[in-house]
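Along the sequence shown, residues are numbered consecutively beginning with 1. Counting starts at 1 for both ligands and their atoms, following the listed order. Since the model is a prediction, treat every value here as computed from it, not as a measurement.
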Amino acid sequence: MCTIELSKRQQQILDIVRDQGPITGEHIADHLGLTRATLRPDLAILTMAGFLEARPRVGYFYAGKKSGQIFGDQLRKMLVREYKAVPINIAENTSVYDAIVMMFMEDVGSIFVVKEGGLLAGVVSRKDLLKVAIGNQDTREVPVTLAMTRMPNIVTVTGDDTVYDAAKKLIDYQIDSCPVVRPVDAAGRNLEVIGRFTKTTIAKVFVELGENREV
Ligand code: ADP
C-alpha cells in the first residue's frame, strides 16, 4: 500500500465496492453515471494501491484492509533515514552547566555526548542534568560524562530501521530519544551519530499520516 491521497471519485468507488462488492466495473460506472472508460484509471490506481482487488469475470472486491492495518503498513514502510532530525551533540569534556544551556538553546530534551569523530559516548537527558543540579555540586565543575548514560548501554537505531521499530524501542525502553547511528567498525562497537529519532519525530509522522484521508 502506498501513501496516496484519494480523489472524491475514488472515495465514491471505494464506498460502492465496500457496500456492494463484488461488483463489475460496468456496474460501478452505472452507479456514478459515468462510462467504464472514464473510471478505468481510478480503478487501476485503487487496485495497484491495494484498496481493491480485481478478479476476472467476478469484479472488484474491497481489499478489506481496516484503516488501522493501512496505518501499520505505512509505518513499516517509512524509514528512520527519511524522518530523522539533526543530532545535537556535545563533547565529553563539556560541563553539566553548558549541557543545560545547550538544552535550552537547542530546545531539545536530550543531548548526545560524542568522542572525537562524532562517535557515540553517551546520552544525557533532562533528568540526568536535574539530578546533578539539585545536588550540592557546582554544575560548572561536573563533566557531563558523570551525568550521562554511557555506551554500551545506549539504545540506538540505524537509518535503515523502520519508523515503527524505532517508535517501539522508545516505548519499550521508556526513553524519549534514540541516536541514529552508523557503525564504523565490523564489531559495531564504534557508532557514528548521524541523527536523532525522538517522540517529536513520531508526532510529526503521526500528523503527516493523519493528513491523508481515511478510507
Ligand atoms: P527524561 O530525562 O526527560 O525523562 P528520557 O526518558 O529520555 O528523558 O531519559 C530517561 C533516562 O534514560 C535517562 O537517565 C537517560 O540518560 C536515559 N536514556 C535516554 N535516552 C537513552 C537511550 N537512547 N539509550 C539509553 N538510555 C537512554
Side-chain angles (χ1 to χ4, degrees), residues 71-210:
F71 192 75
D73 286 351
Q74 290 190 342
L75 285 183
R76 284 180 179 79
K77 280 193 184 153
M78 299 165 114
L79 297 181
V80 165
R81 181 184 329 118
E82 293 154 28
Y83 292 90
K84 67 182 167 59
V86 177
I88 307 299
N89 298 341
I90 48 175
E92 288 177 297
N93 59 4
T94 310
S95 68
V96 163
Y97 181 92
D98 285 337
I100 293 172
V101 171
M102 176 83 130
M103 212 169 250
F104 275 104
M105 280 186 355
E106 299 290 345
D107 193 18
V108 288
S110 21
I111 299 179
F112 305 137
V113 183
V114 293
K115 298 186 273 192
E116 219 157 285
L119 300 183
L120 183 62
V123 173
V124 67
S125 76
R126 281 177 284 225
K127 266 187 245 134
D128 297 330
L129 296 173
L130 280 171
K131 264 188 235 160
V132 178
I134 61 170
N136 287 325
Q137 305 162 82
D138 180 351
T139 53
R140 285 190 169 80
E141 297 301 324
V142 181
V144 80
T145 43
L146 288 187
M148 72 184 186
T149 301
R150 60 184 59 244
M151 282 288 280
N153 299 324
I154 304 297
V155 180
T156 61
V157 293
T158 70
D160 294 333
D161 286 330
T162 68
V163 164
Y164 173 80
D165 286 333
K168 185 145 180 4
K169 270 192 178 172
L170 296 190
I171 299 297
D172 288 349
Y173 290 94
Q174 299 183 356
I175 48 178
D176 290 350
S177 75
C178 266
V180 182
V181 297
R182 177 166 44 210
V184 294
D185 57 32
R189 264 191 285 275
N190 287 309
L191 304 172
E192 183 191 352
V193 179
I194 58 165
R196 189 160 58 91
F197 186 92
T198 72
K199 287 187 173 168
T200 305
T201 317
I202 301 174
K204 283 188 183 146
V205 168
F206 186 84
V207 168
E208 188 178 303
L209 287 175

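Atom CG of D107 has 12 or fewer heavy atoms from other residues, nucleotides or ligands within 6.0 Å. Heavy atoms of other residues, nucleotides or ligands lying less than 6.0 angstrom from NZ of K204 number 12 at most.
Checked by atom type, the side-chain pair E208/Y83 shows a donor-acceptor distance below 3.5 Å.
Between the CG atom of L129 and the OG1 atom of T139 there is a distance of 9.5 Å, given to the nearest 0.5 Å.
Ion pair D176/R126 flagged as a salt bridge, since at least one NZ, NE, NH1 or NH2 atom sits closer than 4.0 Å to an Asp/Glu carboxylate oxygen. A salt bridge between K168 and D172 is present, with a side-chain N of the basic residue lying under 4.0 Å from a carboxylate O of the acidic one.
Enumerated by chain and number, the residues approaching ligand 1 to less than 4.0 Å through a heavy atom are V123, S125, R126, K127, D128, T149, N153, I154, V155, Q174, I175, D176, S177, C178, P179.
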